[in-house]
Amino acid sequence: MHLLLGTQTALIVSKNISEIRQARWADPALSWGLVPTMGALHAGHISLAERAAAENDKSCATIFVNPTQFAPTDDLDKYPRTLERDLEMLDAAGIDMVFTPTPAVMYPDGFGTRVLVDGVTARLEGEHRPGHFDGVTQVVSKLFNIVQPNRAYFGQKDAQQTVVLKKLVRDLNFNLDLIVCPTVREPDGLAMSSRNRYLSAEERQRATVLYQSLSQAAKMIEDGERDGETVRQMIANTVNTTPHAELIYASVASALDLSELDRISGNILISLAVLVGDTRLIDNFMIDDIKP
Ligand code: AMP
């Protein structure tokens, strides 16, 4: 266990599971919030950290680039790692403890348990990134068991992840509240993401097409459009006529089970994935209570 170097803080930083457990249970009367991350932190992550710090007696963030949720062709090796800066940001946000395990701590020799959520994992991101959510549910289950938080905080930015994890919590009776926090955006609407730093200046400008096409979709629906395919087509056209951008998928789905909608009504999730240059970006809008 080490304290953040060169500062006055009492931030606990450890890669060791028993040290994390010891600190978590030092006073069993205190409530704990958990913020799982892959590091390379930005204001989106920090909004989760601040909320966890505000709503609980103590709060723990985790920084772990989980290899089991990356496909061999994904960006695991080049995923940005900025640990010292991350620790300073978490400390400033009021976090008390940071768990920074290595892959060997999480997946020691002989490890062989998987956690598979059915149904909602097959669509959208799951369809285009096979195995991705199996890695997410595996690592999040372990983090829930290691930290045993009262509340766990996730971003609306990864909308399908929140749907999958709510099902995980319900199905496996994890004894915690899962709290979904709003997407934090740049001034021009681009959702903050650790992957935005891969974008060239030109790509960064073009990346606003995700937010723009979502805004247009929301406006179309507000103006009375109820045909799902028409909205999906508009998003596809908007993205694919933007230089450096290539649509991976556009979805207008039920917010409940993520099934694609022919007719739009009720609570919906509009989402898309776009390749901007070589960088894969996702974003979404959730709209409630649409009249048929
Ligand atoms: P990651 O480090 O990308 O795994 O993200 C860790 C957590 O931060 C996840 O719950 C994300 O949904 C959340 N997050 C990432 N980007 C944002 C954002 N722009 N606004 C709010 N939450 C975010």
Side-chain angles (χ1 to χ4, degrees), residues 35-55 61 63 75 78-82 84-95 124-125 153-162 179-223 231 234-252 255 268-288:
V35 182
T37 82
M38 300 202 298
L41 302 183
H42 50 67
H45 298 111
I46 295 308
S47 71
L48 273 54
E50 285 174 344
R51 186 144 169 211
E55 293 181 355
I63 297 177
D75 58 346
K78 72 165 188 171
Y79 198 85
R81 288 160 170 90
T82 57
E84 283 304 314
R85 186 168 169 273
D86 291 350
L87 295 179
E88 286 167 20
M89 289 168 74
L90 291 169
D91 189 32
I95 290 282
L124 305 174
E125 289 295 288
Y153 296 81
F154 295 89
Q156 176 63 29
K157 159 84 182 351
D158 297 281
Q160 186 176 13
Q161 174 169 277
T162 68
I179 292 161
V180 179
C181 305
T183 301
V184 177
R185 299 179 178 281
E186 301 285 357
D188 64 4
L190 178 67
M192 290 197 179
S193 164
S194 305
R195 291 188 168 96
N196 290 350
R197 69 187 70 199
Y198 300 150
L199 301 169
S200 69
E202 164 88 26
E203 289 164 357
R204 168 64 188 81
Q205 274 191 334
R206 302 298 185 180
T208 54
V209 72
L210 283 88
Y211 180 72
Q212 282 161 3
S213 59
L214 287 169
S215 303
Q216 280 177 42
K219 175 83 171 56
M220 270 173 99
I221 295 167
E222 193 186 315
D223 290 347
V231 179
M234 182 281 294
I235 297 174
N237 291 339
T238 306
V239 170
N240 286 333
T241 52
T242 300
H244 305 288
E246 184 193 326
L247 187 81
I248 300 170
Y249 65 80
S251 164
V252 178
I268 69 160
L269 180 74
I270 316 174
S271 64
L272 76 168
V274 177
L275 213 50
V276 181
D278 291 332
T279 304
R280 189 181 189 285
L281 301 179
I282 58 172
D283 200 352
N284 68 86
F285 278 10
M286 190 93 109
I287 310 179
D288 290 339

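Since the structure is predicted, the reported quantities are computational estimates derived from the model, not experimental observations.
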Restricting to non-hydrogen atoms, name the atom on L48 and the atom on C181 that form the minimum distance, rounded to 0.1 Å. CD1-CB, 3.6 Å

Can you name the ring-ring contact (aromatic ring centres under 6.0 Å, His included) partners of Y211, sequence neighbours left out? F285

I95 side, atom CD1; H45 side, atom NE2 - distance, nearest 0.5 Å: 12.0 Å

With rounding to the nearest 0.5 angstrom, report the CD1 to CZ distance, I179 to F154. 10.5 Å

Heavy atoms of other groups near R197 CZ, more than 12 under 6.0 Å: yes

Quick one: does any side-chain atom of N284 pair with a main-chain N or O of K157 as donor and acceptor, under 3.5 Å? yes

How would you list, by chain and number, every residue that makes a side chain to side chain contact (heavy atoms under 4.5 Å, CB included) with N196, sequence neighbours excluded? L190, S193, L199, L281

Any side-chain heavy-atom pair of I270 and I235 under 4.5 Å: yes

Taking only Lys NZ, Arg NE, NH1 and NH2, and the carboxylate oxygens of Asp or Glu, determine whether D283 and R185 approach each other closer than 4.0 Å. yes

Could you go step by step and tell me if Q156 and L269 meet the side-chain contact (heavy atoms from CB on, under 4.5 Å) rule? CA-CA 11 Å; Q156 176 63 29; L269 180 74; 4.1 Å; yes

Taking every non-hydrogen atom, the tightest pair across A93 and A53: O-CB, 3.6 Å

Drop me the distance from K78's NZ to Y198's OH, to the nearest 0.5 angstrom. 5.5 Å

Please name the residue in the list L275, L247, V276, I248 that meets the side chain to side chain contact (heavy atoms under 4.5 Å, CB included) test with V239. L247

Rounded to the nearest 0.5 Å, what separation is found between the OG1 atom of T183 and the CG atom of D158? 8.0 Å

Grab the two heavy atoms, one from I287 and one from A218, that are nearest each other, plus how far apart they are. CD1-CB, 3.9 Å

Is there a side-chain contact between E125 and R280 in this structure, where contact means two heavy atoms from C-beta onward sitting under 4.5 Å apart? yes

Would you indicate whether the side-chain heavy atoms of I63 and L90 approach each other to under 4.5 Å? yes

Going from CD on E203 to CG on D278, what distance comes out if it is rounded to the nearest 0.5 angstrom? 7.0 Å

So, using side chain to side chain contact (heavy atoms under 4.5 Å, CB included) as the criterion, who are the partners of T238 when residues are at least two apart? V209, S213, Q216, M234

What's the shortest heavy-atom distance between P80 and S194, and which atoms? CG-O, 3.9 Å

Identify the two heavy atoms, one from A255 and one from M286, that lie closest to each other, and give their separation to 0.1 Å. CB-SD, 3.9 Å

Enter the distance from Q205:CD to D188:CG here, rounded to the nearest 0.5 Å. 9.0 Å

Does any part of the side chain of I282, heavy atoms only, come nearer than 4.5 Å to the side chain of L124, both counted from C-beta? no

